[in-house]
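Chain letters run A, B, ... following the sequence lines, proteins first, then strands; residues in each count from 1.
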Amino acid sequence: MSQTDNNICKDKVFRNIFETYAKDLRNFMFYRTQNMPKADDLMQEAFVKLWDNCNRVNIDKVKSYLFTTANNLFLNQVKHEKVVRNYENQVQNRSNVETPEFIAIEKEFMDKIQRTIESLPKKQREVFVMSRIEKKKYKEISELLEISVKAVEKRMHRALITIREEIGDV
Amino acid sequence: MKNKDLNNDTFLAKWLEGEITDNDLKSKVGEKEFQVYAKIKKSLEIKEQLDLPVGDSFQSIKSKLKPKKQKVISLYVTRIASIAAILLIAFGLLKFFGNSDTKISTEFGQQQTIVLLDGSEVVLNSKSELAYNEESWNENRTLFLDGEAYFKVAKGRTFTVETTNGSVQVLGTEFNVNSTKDYFDVVCYEGKVEVEAKDEKAQILTPQKSFRRINGLNPTLKNIEDIAPSWINGETTFRSTPLYVVLISLEKQYGLEIEAESVDLSKQFTGAFPNNDLETALKIVFTPLNIDYEILDKSNIKLKNSK
(Lines give C-alpha, C1' and ligand atoms only; values in the text may rest on other atoms or scores of the structure.)
Protein backbone atom coordinates (compact mmCIF):
# COMPACT_ATOMS: atom_id res chain seq x y z
CA MET A 1 0.00 0.00 0.00
CA SER A 2 1.36 3.40 -0.92
CA GLN A 3 1.67 6.28 1.49
CA THR A 4 -1.25 8.21 0.01
CA ASP A 5 -3.74 5.40 0.68
CA ASN A 6 -3.18 5.98 4.38
CA ASN A 7 -3.64 9.73 4.29
CA ILE A 8 -7.09 10.56 5.68
CA CYS A 9 -6.73 14.14 4.43
CA LYS A 10 -7.08 12.82 0.86
CA ASP A 11 -10.63 13.29 -0.42
CA LYS A 12 -10.80 9.76 -1.79
CA VAL A 13 -9.54 8.09 1.38
CA PHE A 14 -11.88 10.17 3.52
CA ARG A 15 -14.83 9.33 1.34
CA ASN A 16 -13.94 5.67 1.49
CA ILE A 17 -13.88 5.80 5.28
CA PHE A 18 -17.25 7.52 5.22
CA GLU A 19 -18.76 4.84 3.03
CA THR A 20 -17.32 2.08 5.21
CA TYR A 21 -18.37 3.34 8.64
CA ALA A 22 -21.09 6.00 8.31
CA LYS A 23 -24.07 3.67 8.44
CA ASP A 24 -22.76 1.55 11.31
CA LEU A 25 -21.89 4.70 13.23
CA ARG A 26 -25.28 6.27 12.64
CA ASN A 27 -27.08 3.10 13.72
CA PHE A 28 -24.82 2.75 16.76
CA MET A 29 -25.67 6.32 17.73
CA PHE A 30 -29.35 5.59 17.22
CA TYR A 31 -29.23 2.97 19.97
CA ARG A 32 -27.49 5.52 22.19
CA THR A 33 -29.84 8.43 21.45
CA GLN A 34 -33.06 6.65 20.42
CA ASN A 35 -33.49 9.45 17.93
CA MET A 36 -32.63 9.09 14.26
CA PRO A 37 -32.07 12.75 13.26
CA LYS A 38 -29.87 13.20 16.33
CA ALA A 39 -27.94 10.03 15.50
CA ASP A 40 -27.43 11.27 11.96
CA ASP A 41 -26.17 14.66 13.16
CA LEU A 42 -23.75 13.12 15.66
CA MET A 43 -22.41 10.82 12.96
CA GLN A 44 -21.85 13.82 10.70
CA GLU A 45 -20.16 15.88 13.40
CA ALA A 46 -17.82 12.98 14.14
CA PHE A 47 -16.78 12.91 10.49
CA VAL A 48 -16.23 16.66 10.45
CA LYS A 49 -13.96 16.25 13.47
CA LEU A 50 -12.11 13.45 11.76
CA TRP A 51 -11.53 15.74 8.80
CA ASP A 52 -10.26 18.53 11.05
CA ASN A 53 -7.85 16.10 12.69
CA CYS A 54 -7.04 14.04 9.62
CA ASN A 55 -3.32 14.62 10.06
CA ARG A 56 -3.28 13.29 13.56
CA VAL A 57 -5.47 10.20 13.31
CA ASN A 58 -3.89 6.91 12.35
CA ILE A 59 -5.84 5.06 9.68
CA ASP A 60 -5.76 1.86 11.74
CA LYS A 61 -7.51 3.63 14.60
CA VAL A 62 -10.04 5.48 12.48
CA LYS A 63 -13.02 3.34 13.46
CA SER A 64 -12.48 3.68 17.19
CA TYR A 65 -11.76 7.40 16.73
CA LEU A 66 -15.11 7.92 15.01
CA PHE A 67 -17.13 5.90 17.49
CA THR A 68 -15.44 7.49 20.52
CA THR A 69 -15.84 11.00 19.12
CA ALA A 70 -19.53 10.54 18.34
CA ASN A 71 -20.10 9.06 21.76
CA ASN A 72 -18.32 11.96 23.49
CA LEU A 73 -20.32 14.49 21.49
CA PHE A 74 -23.44 12.69 22.63
CA LEU A 75 -22.37 12.69 26.28
CA ASN A 76 -21.60 16.41 26.14
CA GLN A 77 -25.02 17.01 24.69
CA VAL A 78 -26.67 15.05 27.46
CA LYS A 79 -24.72 17.06 30.00
CA HIS A 80 -25.80 20.27 28.37
CA GLU A 81 -29.43 19.20 28.21
CA LYS A 82 -29.33 18.41 31.90
CA VAL A 83 -28.15 21.93 32.67
CA VAL A 84 -30.88 23.40 30.51
CA ARG A 85 -33.50 21.22 32.15
CA ASN A 86 -32.36 22.15 35.66
CA TYR A 87 -32.52 25.78 34.70
CA GLU A 88 -35.99 25.43 33.28
CA ASN A 89 -37.16 23.69 36.43
CA GLN A 90 -35.88 26.60 38.47
CA VAL A 91 -37.52 29.23 36.33
CA GLN A 92 -40.86 27.50 36.14
CA ASN A 93 -42.02 24.25 37.54
CA ARG A 94 -42.86 22.12 34.59
CA SER A 95 -43.41 18.90 36.46
CA ASN A 96 -47.09 18.94 35.65
CA VAL A 97 -46.39 18.63 31.93
CA GLU A 98 -47.14 15.06 30.94
CA THR A 99 -44.67 13.32 28.67
CA PRO A 100 -45.92 10.60 26.35
CA GLU A 101 -44.76 7.09 27.10
CA PHE A 102 -41.34 6.51 25.65
CA ILE A 103 -40.33 3.13 24.31
CA ALA A 104 -36.61 2.51 24.00
CA ILE A 105 -35.46 0.07 21.33
CA GLU A 106 -32.32 -1.88 22.17
CA LYS A 107 -30.02 -3.47 19.64
CA GLU A 108 -30.76 -6.94 21.00
CA PHE A 109 -34.48 -6.42 20.50
CA MET A 110 -33.95 -5.21 16.94
CA ASP A 111 -31.74 -8.21 16.12
CA LYS A 112 -34.42 -10.50 17.48
CA ILE A 113 -37.12 -8.83 15.37
CA GLN A 114 -34.91 -9.18 12.30
CA ARG A 115 -34.35 -12.91 12.92
CA THR A 116 -38.03 -13.49 13.64
CA ILE A 117 -39.16 -11.83 10.42
CA GLU A 118 -36.77 -14.02 8.47
CA SER A 119 -38.14 -17.16 10.08
CA LEU A 120 -41.85 -16.37 9.56
CA PRO A 121 -43.80 -18.96 7.56
CA LYS A 122 -43.68 -18.09 3.88
CA LYS A 123 -47.27 -16.86 3.49
CA GLN A 124 -47.07 -14.65 6.54
CA ARG A 125 -43.68 -13.29 5.59
CA GLU A 126 -44.79 -12.43 2.09
CA VAL A 127 -47.69 -10.30 3.35
CA PHE A 128 -45.63 -8.88 6.18
CA VAL A 129 -42.81 -7.70 3.92
CA MET A 130 -45.21 -6.21 1.37
CA SER A 131 -47.04 -4.30 4.08
CA ARG A 132 -44.26 -3.21 6.43
CA ILE A 133 -41.22 -2.97 4.17
CA GLU A 134 -42.72 -2.14 0.79
CA LYS A 135 -45.47 -0.03 2.42
CA LYS A 136 -48.30 -1.49 0.38
CA LYS A 137 -51.91 -1.15 1.56
CA TYR A 138 -53.79 -4.35 2.40
CA LYS A 139 -55.99 -3.70 -0.61
CA GLU A 140 -53.02 -3.56 -2.99
CA ILE A 141 -51.58 -6.73 -1.48
CA SER A 142 -54.91 -8.51 -1.88
CA GLU A 143 -54.97 -7.58 -5.57
CA LEU A 144 -51.39 -8.68 -6.14
CA LEU A 145 -51.86 -12.03 -4.40
CA GLU A 146 -55.43 -12.47 -5.66
CA ILE A 147 -56.85 -13.11 -2.22
CA SER A 148 -59.41 -11.18 -0.18
CA VAL A 149 -58.46 -8.20 2.01
CA LYS A 150 -59.74 -10.19 4.96
CA ALA A 151 -57.28 -13.00 4.14
CA VAL A 152 -54.42 -10.48 3.96
CA GLU A 153 -55.42 -9.09 7.35
CA LYS A 154 -55.58 -12.57 8.83
CA ARG A 155 -52.08 -13.40 7.63
CA MET A 156 -50.77 -10.10 8.91
CA HIS A 157 -52.47 -10.63 12.25
CA ARG A 158 -50.98 -14.12 12.51
CA ALA A 159 -47.53 -12.84 11.53
CA LEU A 160 -47.68 -10.39 14.40
CA ILE A 161 -48.76 -13.08 16.83
CA THR A 162 -45.89 -15.28 15.62
CA ILE A 163 -43.42 -12.44 16.15
CA ARG A 164 -44.88 -11.74 19.58
CA GLU A 165 -44.47 -15.39 20.57
CA GLU A 166 -40.92 -15.61 19.27
CA ILE A 167 -39.91 -12.48 21.16
CA GLY A 168 -40.83 -14.06 24.48
CA ASP A 169 -40.46 -12.03 27.67
CA VAL A 170 -39.53 -8.42 27.18
CA MET B 1 -56.57 -19.13 26.21
CA LYS B 2 -58.70 -19.54 23.09
CA ASN B 3 -55.71 -19.47 20.86
CA LYS B 4 -57.60 -20.54 17.79
CA ASP B 5 -60.01 -17.62 18.01
CA LEU B 6 -57.16 -15.23 18.56
CA ASN B 7 -55.36 -16.60 15.51
CA ASN B 8 -58.38 -16.14 13.27
CA ASP B 9 -58.92 -12.53 14.20
CA THR B 10 -57.57 -9.48 12.34
CA PHE B 11 -57.39 -6.75 14.95
CA LEU B 12 -53.58 -6.65 15.08
CA ALA B 13 -53.48 -6.07 11.31
CA LYS B 14 -56.04 -3.29 11.68
CA TRP B 15 -54.11 -1.72 14.54
CA LEU B 16 -50.85 -1.69 12.55
CA GLU B 17 -52.59 0.25 9.80
CA GLY B 18 -54.16 2.64 12.30
CA GLU B 19 -57.69 1.41 11.64
CA ILE B 20 -58.22 0.76 15.34
CA THR B 21 -56.71 2.81 18.16
CA ASP B 22 -54.14 1.94 20.80
CA ASN B 23 -56.91 1.94 23.37
CA ASP B 24 -58.96 -0.56 21.36
CA LEU B 25 -55.96 -2.88 21.32
CA LYS B 26 -55.33 -2.35 25.03
CA SER B 27 -58.88 -3.43 25.83
CA LYS B 28 -58.42 -6.58 23.73
CA VAL B 29 -55.01 -7.78 24.91
CA GLY B 30 -54.43 -5.94 28.16
CA GLU B 31 -51.93 -3.25 29.09
CA LYS B 32 -48.92 -5.54 29.40
CA GLU B 33 -49.30 -7.23 26.02
CA PHE B 34 -50.07 -3.91 24.42
CA GLN B 35 -46.66 -2.62 25.52
CA VAL B 36 -44.99 -5.54 23.75
CA TYR B 37 -46.92 -4.94 20.54
CA ALA B 38 -46.23 -1.21 20.69
CA LYS B 39 -42.54 -1.98 21.00
CA ILE B 40 -42.67 -4.33 18.02
CA LYS B 41 -44.47 -1.68 15.98
CA LYS B 42 -41.96 0.98 16.88
CA SER B 43 -39.00 -1.25 16.13
CA LEU B 44 -40.44 -1.95 12.68
CA GLU B 45 -40.52 1.78 11.99
CA ILE B 46 -36.99 2.13 13.32
CA LYS B 47 -35.78 -0.84 11.29
CA GLU B 48 -36.79 0.99 8.16
CA GLN B 49 -34.74 4.02 9.18
CA LEU B 50 -31.75 1.91 10.17
CA ASP B 51 -31.76 0.31 6.74
CA LEU B 52 -31.67 3.67 4.96
CA PRO B 53 -28.37 4.49 3.24
CA VAL B 54 -26.41 7.51 4.43
CA GLY B 55 -25.48 8.83 0.97
CA ASP B 56 -27.15 12.21 1.43
CA SER B 57 -25.30 12.79 4.67
CA PHE B 58 -22.00 12.89 2.87
CA GLN B 59 -23.19 15.79 0.75
CA SER B 60 -24.29 17.67 3.84
CA ILE B 61 -21.03 17.16 5.73
CA LYS B 62 -19.08 18.03 2.63
CA SER B 63 -20.20 21.63 2.94
CA LYS B 64 -18.82 21.70 6.48
CA LEU B 65 -15.39 20.40 5.54
CA LYS B 66 -12.67 22.99 5.19
CA PRO B 67 -10.70 22.57 1.99
CA LYS B 68 -7.19 21.32 2.80
CA LYS B 69 -4.56 23.85 1.85
CA GLN B 70 -1.58 22.71 -0.17
CA LYS B 71 0.86 24.99 1.60
CA VAL B 72 2.73 23.89 4.67
CA ILE B 73 1.22 25.57 7.70
CA SER B 74 2.91 25.58 11.04
CA LEU B 75 1.50 23.19 13.60
CA TYR B 76 0.62 26.12 15.82
CA VAL B 77 -1.74 27.59 13.22
CA THR B 78 -3.43 24.27 12.45
CA ARG B 79 -3.95 23.73 16.14
CA ILE B 80 -5.56 27.14 16.59
CA ALA B 81 -7.66 26.54 13.49
CA SER B 82 -8.88 23.18 14.71
CA ILE B 83 -9.74 24.58 18.10
CA ALA B 84 -11.69 27.32 16.35
CA ALA B 85 -13.45 24.73 14.20
CA ILE B 86 -14.37 22.66 17.22
CA LEU B 87 -15.69 25.72 19.01
CA LEU B 88 -17.67 26.60 15.93
CA ILE B 89 -19.19 23.13 15.74
CA ALA B 90 -19.90 23.10 19.46
CA PHE B 91 -21.54 26.50 19.15
CA GLY B 92 -23.57 25.29 16.19
CA LEU B 93 -24.62 22.13 18.01
CA LEU B 94 -25.70 24.13 20.99
CA LYS B 95 -27.74 26.43 18.85
CA PHE B 96 -29.33 23.73 16.77
CA PHE B 97 -29.98 21.10 19.41
CA GLY B 98 -30.34 23.29 22.45
CA ASN B 99 -33.23 25.52 21.59
CA SER B 100 -34.93 24.60 18.38
CA ASP B 101 -37.95 22.50 17.74
CA THR B 102 -38.55 23.16 14.08
CA LYS B 103 -35.88 22.57 11.48
CA ILE B 104 -36.21 23.17 7.79
CA SER B 105 -33.51 22.34 5.31
CA THR B 106 -33.17 22.40 1.54
CA GLU B 107 -31.33 20.03 -0.76
CA PHE B 108 -29.04 20.83 -3.67
CA GLY B 109 -30.66 23.19 -6.15
CA GLN B 110 -33.79 23.49 -4.04
CA GLN B 111 -35.43 26.64 -2.75
CA GLN B 112 -38.20 26.79 -0.20
CA THR B 113 -40.49 29.53 0.99
CA ILE B 114 -41.51 29.33 4.63
CA VAL B 115 -44.23 31.40 6.22
CA LEU B 116 -43.59 31.83 9.94
CA LEU B 117 -46.26 32.05 12.63
CA ASP B 118 -46.37 35.85 12.56
CA GLY B 119 -46.69 36.02 8.79
CA SER B 120 -43.00 36.74 8.18
CA GLU B 121 -41.67 35.07 5.05
CA VAL B 122 -38.35 33.32 4.59
CA VAL B 123 -37.05 32.10 1.26
CA LEU B 124 -34.37 29.51 1.92
CA ASN B 125 -31.70 29.08 -0.78
CA SER B 126 -30.28 25.69 -1.70
CA LYS B 127 -28.48 23.47 0.81
CA SER B 128 -29.30 25.71 3.73
CA GLU B 129 -30.83 25.06 7.09
CA LEU B 130 -33.19 27.08 9.26
CA ALA B 131 -34.24 26.31 12.81
CA TYR B 132 -36.54 28.05 15.25
CA ASN B 133 -38.60 27.38 18.32
CA GLU B 134 -42.33 27.41 17.60
CA GLU B 135 -43.33 27.45 21.25
CA SER B 136 -41.52 30.59 22.19
CA TRP B 137 -41.86 32.30 18.82
CA ASN B 138 -44.33 34.92 20.02
CA GLU B 139 -42.06 36.10 22.83
CA ASN B 140 -38.81 35.59 21.05
CA ARG B 141 -38.55 35.91 17.29
CA THR B 142 -35.14 34.27 16.90
CA LEU B 143 -34.07 31.79 14.30
CA PHE B 144 -30.85 30.05 13.40
CA LEU B 145 -29.52 30.00 9.89
CA ASP B 146 -26.79 27.97 8.25
CA GLY B 147 -26.53 28.96 4.59
CA GLU B 148 -28.45 31.65 2.73
CA ALA B 149 -31.95 33.07 3.11
CA TYR B 150 -34.02 36.11 2.18
CA PHE B 151 -36.30 37.52 4.86
CA LYS B 152 -39.49 39.56 4.65
CA VAL B 153 -40.24 40.32 8.26
CA ALA B 154 -43.71 41.19 9.54
CA LYS B 155 -43.82 44.26 11.77
CA GLY B 156 -43.60 43.53 15.47
CA ARG B 157 -41.04 42.68 18.11
CA THR B 158 -37.35 42.41 17.34
CA PHE B 159 -36.57 39.68 14.87
CA THR B 160 -33.15 38.02 15.19
CA VAL B 161 -31.25 35.76 12.83
CA GLU B 162 -28.42 33.93 14.55
CA THR B 163 -25.58 32.36 12.61
CA THR B 164 -22.22 30.94 13.56
CA ASN B 165 -20.68 34.13 12.12
CA GLY B 166 -22.78 36.59 14.13
CA SER B 167 -26.33 37.83 14.41
CA VAL B 168 -28.68 40.15 12.52
CA GLN B 169 -31.48 42.07 14.23
CA VAL B 170 -34.40 43.96 12.72
CA LEU B 171 -37.80 45.39 13.50
CA GLY B 172 -39.57 44.86 10.20
CA THR B 173 -37.86 44.82 6.86
CA GLU B 174 -36.51 42.85 3.93
CA PHE B 175 -32.99 41.52 3.96
CA ASN B 176 -30.74 38.70 2.82
CA VAL B 177 -28.31 36.72 4.99
CA ASN B 178 -25.62 34.41 3.64
CA SER B 179 -23.59 32.66 6.31
CA THR B 180 -21.39 29.87 5.01
CA LYS B 181 -18.33 28.73 6.92
CA ASP B 182 -16.27 31.90 7.38
CA TYR B 183 -18.22 33.98 4.87
CA PHE B 184 -20.87 36.31 6.29
CA ASP B 185 -22.84 38.61 4.00
CA VAL B 186 -25.92 40.66 4.91
CA VAL B 187 -27.84 42.94 2.53
CA CYS B 188 -30.64 45.25 3.60
CA TYR B 189 -33.41 45.87 1.02
CA GLU B 190 -35.96 47.71 3.12
CA GLY B 191 -36.17 49.17 6.64
CA LYS B 192 -33.24 48.95 9.01
CA VAL B 193 -31.02 46.02 9.95
CA GLU B 194 -28.56 45.72 12.77
CA VAL B 195 -25.64 43.38 12.12
CA GLU B 196 -23.51 42.09 14.91
CA ALA B 197 -20.66 39.99 13.57
CA LYS B 198 -18.79 37.87 16.08
CA ASP B 199 -16.45 40.04 18.21
CA GLU B 200 -17.47 43.19 16.34
CA LYS B 201 -19.49 46.24 17.28
CA ALA B 202 -23.06 46.27 15.98
CA GLN B 203 -23.62 48.17 12.72
CA ILE B 204 -26.85 49.57 11.31
CA LEU B 205 -27.61 48.91 7.63
CA THR B 206 -30.02 51.11 5.70
CA PRO B 207 -31.65 50.04 2.39
CA GLN B 208 -29.30 49.14 -0.45
CA LYS B 209 -26.36 48.72 1.93
CA SER B 210 -24.45 45.51 2.33
CA PHE B 211 -22.23 44.19 5.07
CA ARG B 212 -19.63 41.55 4.40
CA ARG B 213 -16.97 39.81 6.40
CA ILE B 214 -14.65 37.14 5.06
CA ASN B 215 -12.37 34.95 7.15
CA GLY B 216 -12.92 37.06 10.26
CA LEU B 217 -11.13 40.05 8.72
CA ASN B 218 -12.36 43.62 8.95
CA PRO B 219 -15.92 43.85 7.62
CA THR B 220 -16.69 46.02 4.59
CA LEU B 221 -19.80 48.13 3.94
CA LYS B 222 -20.91 48.69 0.34
CA ASN B 223 -23.76 50.16 -1.66
CA ILE B 224 -25.73 47.86 -3.94
CA GLU B 225 -28.38 48.48 -6.59
CA ASP B 226 -30.61 45.41 -6.50
CA ILE B 227 -34.02 45.56 -4.89
CA ALA B 228 -34.05 41.84 -4.05
CA PRO B 229 -31.35 39.15 -4.12
CA SER B 230 -30.90 37.71 -7.60
CA TRP B 231 -31.05 34.07 -6.48
CA ILE B 232 -34.77 34.54 -5.82
CA ASN B 233 -35.13 34.96 -9.59
CA GLY B 234 -33.01 31.98 -10.53
CA GLU B 235 -29.59 33.62 -10.60
CA THR B 236 -26.76 33.74 -8.11
CA THR B 237 -24.81 37.01 -7.99
CA PHE B 238 -21.41 37.81 -6.50
CA ARG B 239 -19.58 41.05 -5.92
CA SER B 240 -15.78 40.70 -5.57
CA THR B 241 -16.27 37.42 -3.79
CA PRO B 242 -13.45 34.94 -3.15
CA LEU B 243 -13.57 31.94 -5.46
CA TYR B 244 -14.02 29.40 -2.68
CA VAL B 245 -17.33 31.01 -1.68
CA VAL B 246 -18.46 30.88 -5.31
CA LEU B 247 -17.47 27.20 -5.48
CA ILE B 248 -19.50 26.36 -2.38
CA SER B 249 -22.46 28.11 -3.94
CA LEU B 250 -22.06 26.22 -7.24
CA GLU B 251 -21.76 22.94 -5.34
CA LYS B 252 -24.91 23.66 -3.37
CA GLN B 253 -26.88 24.80 -6.36
CA TYR B 254 -26.03 21.91 -8.67
CA GLY B 255 -25.13 19.13 -6.22
CA LEU B 256 -21.52 19.03 -7.44
CA GLU B 257 -18.16 18.09 -6.13
CA ILE B 258 -15.52 20.46 -7.40
CA GLU B 259 -11.87 19.49 -7.22
CA ALA B 260 -9.88 22.72 -7.04
CA GLU B 261 -6.56 21.75 -5.56
CA SER B 262 -4.43 23.44 -8.19
CA VAL B 263 -6.17 26.82 -8.46
CA ASP B 264 -5.97 29.96 -6.34
CA LEU B 265 -9.12 30.00 -4.22
CA SER B 266 -8.68 33.60 -3.16
CA LYS B 267 -9.21 34.95 -6.70
CA GLN B 268 -12.18 37.29 -6.75
CA PHE B 269 -15.27 36.86 -8.87
CA THR B 270 -17.92 39.42 -9.80
CA GLY B 271 -20.94 38.35 -11.82
CA ALA B 272 -24.03 36.16 -11.79
CA PHE B 273 -24.59 32.56 -12.83
CA PRO B 274 -27.94 30.95 -13.73
CA ASN B 275 -29.29 28.32 -11.33
CA ASN B 276 -30.64 25.99 -13.99
CA ASP B 277 -27.93 25.72 -16.64
CA LEU B 278 -24.72 24.11 -15.47
CA GLU B 279 -22.74 24.53 -18.69
CA THR B 280 -23.42 28.26 -18.84
CA ALA B 281 -22.82 28.70 -15.13
CA LEU B 282 -19.38 27.06 -15.34
CA LYS B 283 -18.45 29.13 -18.38
CA ILE B 284 -19.52 32.39 -16.71
CA VAL B 285 -17.56 31.74 -13.53
CA PHE B 286 -14.37 30.18 -14.82
CA THR B 287 -13.66 31.79 -18.17
CA PRO B 288 -12.97 35.29 -16.80
CA LEU B 289 -10.76 33.81 -14.07
CA ASN B 290 -8.64 31.93 -16.62
CA ILE B 291 -9.51 28.58 -15.17
CA ASP B 292 -10.13 25.46 -17.23
CA TYR B 293 -12.74 23.04 -16.01
CA GLU B 294 -13.18 19.41 -16.85
CA ILE B 295 -16.47 17.61 -16.29
CA LEU B 296 -15.37 14.21 -15.00
CA ASP B 297 -18.90 12.87 -14.69
CA LYS B 298 -22.32 14.30 -13.91
CA SER B 299 -21.42 15.62 -10.49
CA ASN B 300 -17.62 15.82 -10.46
CA ILE B 301 -15.70 18.74 -11.84
CA LYS B 302 -11.98 19.31 -11.87
CA LEU B 303 -10.38 22.76 -12.15
CA LYS B 304 -6.97 23.79 -13.39
CA ASN B 305 -5.29 26.98 -14.48
CA SER B 306 -5.43 27.83 -18.19
CA LYS B 307 -2.15 27.78 -20.03
Side-chain angles (χ1 to χ4, degrees), chain A residues 9-11 14-15 18-19 22-23 25-27 30 34 36-41 43-45 47-49 51-56 73 76-77 80-81 84 101 103-105 109-110 112-114 117 127 131-133 135 137-138 150 152-161 163-164 167 170, chain B residues 3 6-17 19 29 32-33 35-58 60-62 64-68 75 78 81-86 89-90 92-94 96-99 103 257 259 261:
Chain A
C9 302
K10 282 261 170 204
D11 277 359
F14 186 77
R15 176 136 208 172
F18 183 87
E19 271 155 19
K23 192 169 165 182
L25 181 57
R26 181 198 63 187
N27 290 355
F30 168 77
Q34 296 289 324
M36 208 42 144
K38 246 186 208 179
D40 203 51
D41 283 338
M43 177 272 282
Q44 292 187 26
E45 294 308 332
F47 273 98
V48 173
K49 282 207 167 185
W51 181 255
D52 289 339
N53 292 302
C54 63
N55 277 319
R56 263 170 287 163
L73 285 168
N76 287 341
Q77 227 169 286
H80 170 74
E81 277 164 11
V84 173
E101 280 174 81
I103 310 168
I105 307 290
F109 190 85
M110 194 61 87
K112 229 181 204 176
I113 290 270
Q114 180 74 41
I117 294 171
V127 170
S131 162
R132 288 297 112 190
I133 316 267
K135 301 275 156 214
K137 295 262 164 236
Y138 295 153
K150 182 100 183 160
V152 173
E153 288 179 347
K154 270 188 188 166
R155 283 184 198 178
M156 195 63 200
H157 180 85
R158 251 175 255 151
L160 217 65
I161 288 182
I163 293 174
R164 164 67 194 105
I167 294 278
V170 179
Chain B
N3 229 331
L6 183 70
N7 260 323
N8 265 323
D9 216 317
T10 59
F11 61 82
L12 285 168
K14 289 200 152 71
W15 170 70
L16 267 186
E17 283 288 281
E19 290 167 26
V29 298
K32 208 174 146 228
E33 280 303 286
Q35 288 303 335
V36 183
Y37 283 118
K39 189 164 179 179
I40 293 173
K41 187 180 182 183
K42 184 170 177 196
S43 63
L44 292 173
E45 290 159 15
I46 296 295
K47 180 176 152 23
E48 192 188 336
Q49 297 180 37
L50 290 173
D51 291 342
L52 280 179
V54 289
D56 290 350
S57 300
F58 189 74
S60 54
I61 71 162
K62 221 185 156 265
K64 295 184 206 156
L65 302 182
K66 295 198 183 313
K68 291 285 167 199
L75 199 61
T78 20
S82 59
I83 290 169
I86 289 166
I89 291 162
L93 271 177
L94 227 113
F96 282 113
F97 293 128
N99 317 345
K103 248 197 210 180
E257 270 188 54
E259 220 184 301
E261 281 170 359

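The part of Met110(A) that comes within reach of chain B is its side chain, from C-beta onward, which places non-hydrogen atoms under 4.5 angstrom from that chain. Residue contact with chain B, scored on non-hydrogen atoms closer than 4.5 Å, is absent for Arg155(A). For Ile46(B), the parts sitting under 4.5 Å from any heavy atom of chain A are the backbone and the side chain alike. Contacts of Glu45(B) with chain A are absent, with no heavy-atom separation under 4.5 Å from either backbone or side chain. With a threshold of 4.5 angstrom between heavy atoms, Asn27(A) approaches chain B through its backbone and through its side chain. Heavy atoms of Ile113(A) lying under 4.5 Å from chain B belong exclusively to its side chain. The part of Ala104(A) that comes within reach of chain B is its backbone (N, CA, C, O), which places non-hydrogen atoms under 4.5 angstrom from that chain.
Put simply, the side chain of Leu44(B) reaches to within 4.5 Å of the side chain of Ile117(A), judged on heavy atoms. Contact check for Glu153(A) versus Asp9(B): no side-chain heavy atoms found under the 4.5 Å cut-off. With a 4.5 Å cut-off on side-chain heavy atoms, Leu52(B) and Lys23(A) do not count as touching. In this structure, the side chains of Tyr138(A) and Thr10(B) stay at 4.5 Å or more apart for every pair of heavy atoms. Counting heavy atoms from C-beta on, the side chains of Lys135(A) and Glu48(B) come closer than 4.5 Å.
A side-chain contact (heavy atoms from CB on, under 4.5 Å) with Val54(B) holds for exactly one of Glu19(A), Met43(A), Gln44(A); it is Met43(A).
Atom OG of Ser43(B) is separated from atom CD1 of Ile167(A) by 7.0 Å, given to the nearest 0.5 angstrom. The CD atom of Glu261(B) lies 6.0 Å from the CG atom of Asp11(A); values are rounded to the nearest 0.5 Å. The line from NE2 of His157(A) to CH2 of Trp15(B) is 12.0 Å long, rounded to the nearest 0.5 Å.
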Under the criterion side-chain contact (heavy atoms from CB on, under 4.5 Å), I'd like the reasoning laid out for Met36(A) against Leu50(B): C-alpha separation, chi angles, the key distance, then a yes or no. CA-CA 8 Å; Met36(A) 208 42 144; Leu50(B) 290 173; 3.5 Å; yes

Could you check Arg15(A) against Glu257(B) for salt bridge (Lys or Arg N to Asp or Glu O under 4.0 Å), going step by step and ending with a plain yes or no? CA-CA 12 Å; Arg15(A) 176 136 208 172; Glu257(B) 270 188 54; 2.5 Å; yes

Could you give me the CA-CA distance, side-chain angles and deciding distance for Gln49(B) and Arg26(A), then say whether side-chain contact (heavy atoms from CB on, under 4.5 Å) is met? CA-CA 10 Å; Gln49(B) 297 180 37; Arg26(A) 181 198 63 187; over 6 Å; no

Any chance you could lay out the side-chain contact (heavy atoms from CB on, under 4.5 Å) test for Tyr37(B) and Ile161(A), step after step, and finish with the verdict? CA-CA 9 Å; Tyr37(B) 283 118; Ile161(A) 288 182; 4.0 Å; yes

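A salt bridge links Glu17(B) with Arg132(A): the closest approach of a Lys/Arg side-chain nitrogen to an acidic carboxylate oxygen falls below 4.0 angstrom.
Evaluation of the side chain to side chain donor-acceptor pair (under 3.5 Å) rule for Gln114(A) yields Glu118(A), Lys47(B) as partners, not counting sequence neighbours. The ring-ring contact (aromatic ring centres under 6.0 Å, His included) check on Phe18(A) picks up Phe47(A), Phe58(B), with sequence neighbours excluded.
Without hydrogens or angle criteria, Lys42(B) side chain to Ile103(A) main chain gives a donor-acceptor distance under 3.5 Å.
Among Met156(A), Lys49(A), Arg158(A), the residue with the largest count of heavy-atom pairs under 4.5 Å with chain B is Arg158(A).
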